[in-house]
Engineer: 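Before we start, here is the structure in question, set down as structure tokens.
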There are 2 protein chains.
Amino acid sequence: MDDRTGQRTVAETAPRRPENRYGNRPTMKDVAARAGVGLKTVSRVVNGEPGVTPDTERRVQEAIEALGFRRNDSARVLRKGRTASIGLVLEDLADPFYGPLSRAVEEVARAHGALLINGSSAEDPDREQELVLALCARRVDGLVVIPAGDDHRYLEPEIAAGVATVFVDRPAGKIDADVVLSDSFGGARDGVAHLIAHGHRRIGFIGDQPRIHTAIERLRGYRAAMEDAGIELSESWVSLGATGPERVQAAATAMITGPEPVTAIFAGNNRVTVTVVRVLADHERPVALVGFDDIELADLLGITVVAQDAAALGRTAAERLFRHLDGAEEAPARIELRTALIPRGSGEIPPA
Amino acid sequence: MDDRTGQRTVAETAPRRPENRYGNRPTMKDVAARAGVGLKTVSRVVNGEPGVTPDTERRVQEAIEALGFRRNDSARVLRKGRTASIGLVLEDLADPFYGPLSRAVEEVARAHGALLINGSSAEDPDREQELVLALCARRVDGLVVIPAGDDHRYLEPEIAAGVATVFVDRPAGKIDADVVLSDSFGGARDGVAHLIAHGHRRIGFIGDQPRIHTAIERLRGYRAAMEDAGIELSESWVSLGATGPERVQAAATAMITGPEPVTAIFAGNNRVTVTVVRVLADHERPVALVGFDDIELADLLGITVVAQDAAALGRTAAERLFRHLDGAEEAPARIELRTALIPRGSGEIPPA
DNA sequence: CTGAAAGCGCTAACAC
DNA sequence: GTGTTAGCGCTTTCAG
């Protein structure tokens, strides 16, 4: 059983206690026994605490090495009460808007020594709640939530119990909490005003489902721009609903071929824009287009967009989260990030 | 202190034990005391175990509600030895290739009641190892890894200790482990053969850094196609390296303007393709292009690609992982997914 | 500088 | 049906 032989195959020299449920892993106790020291000394070495002789430390390190010991953070968490992990609940990680956002949150978490648990709500309020509560049961230190639902009172006990929470992209429903979002209203208004400045008056708006805050805000921006220009709008120019290709395609087709055909379309988000671009590509009469959200390759396709910075959204939210975790006692705030209109051609097409 | 008043504001009725580090949260013990039952009975109710009278159950549920109790999974994990979470280490969640992959892994995890912890290695082997070991310390049940490094012996003790591990996109280095990947060699060969079939003989290859397995495989495919066609290739047609825009732009420009200018380019991945498309857009002489990886809007730009299914990669890997966790004793395998050539125009341009 | 004992909140094993 | 006890692997406290 003696293995001072210095073999490289660490795994084989691990102790074989039969009933250990962690796949038979060595514990600090095992390390202590092997190094001939007390449990607490091992703890000190593992955590880099002072007060250990270099010689003792070496012996402990050797034992750790030989046994292939790795501290069990579950036990640590139980004792310390902090998991050094945060949760991020978003709509769909497969959406190109959320990848950079998640990555930005991860970077901030990493800088604070925390891991990130991701979850996709699929825009389903029940699933959002289920995920959030699962994360709370894991005792994540904090939560970044892109809300799917519009009632977050279920989070009140958690927040009261100390789970720092920041909402992103859309405000929380029925509770007072931090939120970081883009200026959807202003961005949409600017985009539509841009189309108006290029001579359009019959402008369509295709947006997401009305229960989604950003959809409503962008629609408000559209209406404001139209009103500012003194344009009376036809309700046949406005379409809200699911952003799947079928619905959007139908809506866009109806708008450009209907009785009062639009000469321009404002697309409410990246998914809408992509589908509208496809529809317009198959259409002979040129129709102008401005889309909310930037898209990869939009420059090559000459798509004018109102860009929001997904990474900045995530970064700002995460930084605020960690400021709370570090003890800052700031009142819930609403942080709004500016959008940027990027003209690339499609928004500058004159009315037919 | 009695609060049978049935107030809705759950948070306020929670007990105020002063020194609890979980932000003062009620435990099962508190619930038991309040419901006037034993600890184990609460545990039974919380976990839906049988053997509790409906009446007792109701009283316990009420106490849970009133206190805002939520089971502490950290303690549960410590006891049970399973965290019901898996880790996914990839290169960069902001890359559109990985979003869908991560989402697919998440869906499988969800179906098995597990959460997903994501981490980005930024293609840095040290960071990959750091992340993987942090996940192991958290005692994730399993690991899906898109390797950045080429030596994974550091994982041997973990795997031996029972951490199920599946590699994706690239094989593990120096250890024998499951891997799920796309047929990079075959895909690249098909893509280049497609260009050759359209009359090209001077074909460039721009790929990722040579330490990345897929880069090498795709280059091999390129060489194989060229050799099959009896084309002797000039080394000035081949360029491997970082896939940042600067390097790729320089490489592409050199190839199309050099002494032996290519009439077609095969792009080794999505990032390369995007940059090459931009370069070719500014170039007067038409140059054919086939890219590895599909890209959003590639259909509108008419980019011919060799598509791999990122979601299928993730799903397959995760399913294999959970099969292991469910006790299947399968030997490490290599699963290769087919790629699909999608002609859209850019690959069918004849040589100038 | 070092170690023994207590206990984090839960579940497993066994009483009653 | 229900409760009691022990203990998961670690950190905290406090004594040597």
Side-chain angles (χ1 to χ4, degrees), chain A residues 14-15 17-33 35-60 64 67-84 136-139 161, chain B residues 14-15 17-33 35-60 63-64 67-84 136-139 161-162:
Chain A
R17 282 171 304 123
E19 284 304 334
N20 187 321
R21 48 197 61 64
Y22 285 109
N24 196 11
R25 304 201 77 149
T27 71
M28 282 194 180
K29 203 172 149 193
D30 299 321
V31 175
V37 301
L39 179 57
K40 177 64 202 176
T41 302
V42 177
S43 175
R44 287 201 180 89
V45 171
V46 169
N47 296 302
E49 288 167 24
V52 183
T53 338
D55 183 58
T56 317
E57 167 153 11
R58 198 184 36 72
R59 271 167 46 229
V60 172
I64 287 174
L67 297 177
F69 168 80
R70 184 110 41 221
R71 182 181 65 197
N72 184 335
D73 277 351
S74 299
R76 172 169 228 250
V77 157
L78 180 60
R79 202 57 245 250
K80 300 202 73 139
R82 281 233 166 169
T83 54
C136 289
R138 304 280 171 119
R139 295 298 189 267
Chain B
R17 281 171 304 122
E19 285 304 333
N20 186 321
R21 49 197 60 65
Y22 285 108
N24 195 10
R25 303 201 76 145
T27 71
M28 282 194 181
K29 204 170 147 193
D30 299 320
V31 175
V37 300
L39 180 57
K40 180 63 202 180
T41 301
V42 177
S43 175
R44 287 201 180 89
V45 171
V46 169
N47 296 300
E49 286 168 25
V52 183
T53 338
D55 183 59
T56 317
E57 166 152 12
R58 196 184 39 70
R59 270 167 48 228
V60 171
I64 288 174
L67 298 177
F69 168 80
R70 185 108 42 220
R71 181 181 66 198
N72 184 333
D73 277 350
S74 298
R76 172 168 228 251
V77 156
L78 180 59
R79 199 57 243 247
K80 301 204 73 142
R82 281 234 166 170
T83 54
C136 289
R138 302 281 170 118
R139 296 296 189 266

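Labels below follow one simple rule: chain letters A, B, ... track the order of the sequence lines, proteins then strands, and each chain is numbered from 1.
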Engineer: Distance-only, no hydrogens or angles: does the Arg138(A) side chain make a donor-acceptor pair with backbone N or O of Thr83(B) under 3.5 Å?
Structural biologist: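 Judged by distance alone, yes, a pair lies under 3.5 Å.
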Engineer: Side-chain N or O of Thr56(A) versus OP1/OP2 of dC1(C): is the shortest distance under 4.0 Å?
Structural biologist: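 For Thr56(A), the contact criterion (side-chain N or O under 4.0 Å from OP1 or OP2 of dC1(C)) is not met.
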Engineer: Can you sort out which residues in residues 41-50 of chain A have a heavy atom within less than 4.0 Å of DNA chain D? Ascending by number, please.
Structural biologist: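 Close to the strand are Ser43(A), Asn47(A).
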Engineer: Send over the distance from Met28(A) CE to dG3(C) P, rounded to a whole Å.
Structural biologist: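 Between P of dG3(C) and CE of Met28(A): 14 Å.
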Engineer: Treating Arg44(A) as the side-chain partner and Glu49(A) as the backbone partner, does any N or O pair qualify as donor plus acceptor under 3.5 Å?
Structural biologist: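 Not a single qualifying donor-acceptor pair exists.
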Engineer: Rounded to the nearest angstrom, tell me the gap between atom CG in Leu39(B) and atom P in dC16(C).
Structural biologist: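 One finds 19 Å between P of dC16(C) and CG of Leu39(B), rounded.
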Engineer: Taking donor-acceptor contacts at under 3.5 Å, does the side chain of Arg79(B) reach the base of dG9(C)?
Structural biologist: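 Per atom types, no contact qualifies.
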Engineer: Would one find a side-chain N or O of Thr27(A) under 4.0 angstrom from OP1 or OP2 of dC8(D)?
Structural biologist: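 Checking Thr27(A) against dC8(D): no side-chain N or O falls below 4.0 Å of OP1 or OP2.
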Engineer: Under 4.5 Å between any side-chain heavy atoms of Asn47(A) and Arg71(A), yes or no?
Structural biologist: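 Yes; the side chains approach each other to less than 4.5 Å.
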Engineer: Given side chains that start at C-beta, do those of Arg25(B) and Asn72(B) come closer than 4.5 Å, heavy atoms only?
Structural biologist: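 Heavy-atom side-chain distance check fails, nothing below 4.5 Å.
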Engineer: Over how many whole Å does the gap from Leu78(B) atom CG to dG9(C) atom P extend?
Structural biologist: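 My rounded result for the distance is 12 Å.
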Engineer: OP1 or OP2 of dC8(D) sitting under 4.0 Å from any side-chain N/O of Lys80(B)?
Structural biologist: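 Indeed not, no polar side-chain atom of Lys80(B) lies that close.
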Engineer: Give a yes/no answer on whether the side chain of Thr53(B) brings an N or O atom under 4.0 Å of OP1 or OP2 in dT2(D).
Structural biologist: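 For Thr53(B), the contact criterion (side-chain N or O under 4.0 Å from OP1 or OP2 of dT2(D)) is met.
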Engineer: Check for a donor-acceptor pair, side chain of Thr27(B) on one end and backbone N or O of Lys29(B) on the other, with a separation under 3.5 Å.
Structural biologist: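 Flag set: sc Thr27(B) to bb Lys29(B) pair under 3.5 Å.
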Engineer: In whole angstrom, what separates Lys29(B)'s NZ from dC10(C)'s P?
Structural biologist: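 It is 11 Å, rounded to the nearest whole Å.
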Engineer: Rounded off to whole Å, could you give me the CZ-to-P distance for the Arg138(A) and dC8(C) pair?
Structural biologist: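 The distance from CZ of Arg138(A) to P of dC8(C) comes to 22 Å, rounded to the nearest Å.
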Engineer: Roughly, in whole Å, what's the span from CG in Asp73(B) to P in dG9(C)?
Structural biologist: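 For the pair Asp73(B) CG and dG9(C) P, the rounded distance is 14 Å.
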Engineer: Less than 4.5 Å apart, any side-chain heavy atom of Arg139(B) and any of Val77(B)?
Structural biologist: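 The answer is no; the side chains never approach within 4.5 Å.
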Engineer: Choosing from dA12(C), dC1(C), dC10(D), which nucleotide comes nearest the side chain of Lys40(B)?
Structural biologist: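 Looking only at heavy atoms from C-beta outward on Lys40(B), the closest nucleotide is dA12(C).
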Engineer: Within this structure, what is the CG-to-C1' distance between Leu67(B) and dG9(C), rounded to whole angstrom?
Structural biologist: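 For the pair Leu67(B) CG and dG9(C) C1', the rounded distance is 15 Å.
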Engineer: Could you tell me which residues satisfy side chain to side chain contact (heavy atoms under 4.5 Å, CB included) with Ala137(A), sequence neighbours excluded, listed by chain and number?
Structural biologist: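 Partners of Ala137(A) under the side chain to side chain contact (heavy atoms under 4.5 Å, CB included) test: Arg70(B), Asp73(B).
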Engineer: Report the distance from atom CG of Asp30(A) to atom C1' of dC10(D), rounded to the nearest whole Å.
Structural biologist: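 For the pair Asp30(A) CG and dC10(D) C1', the rounded distance is 13 Å.
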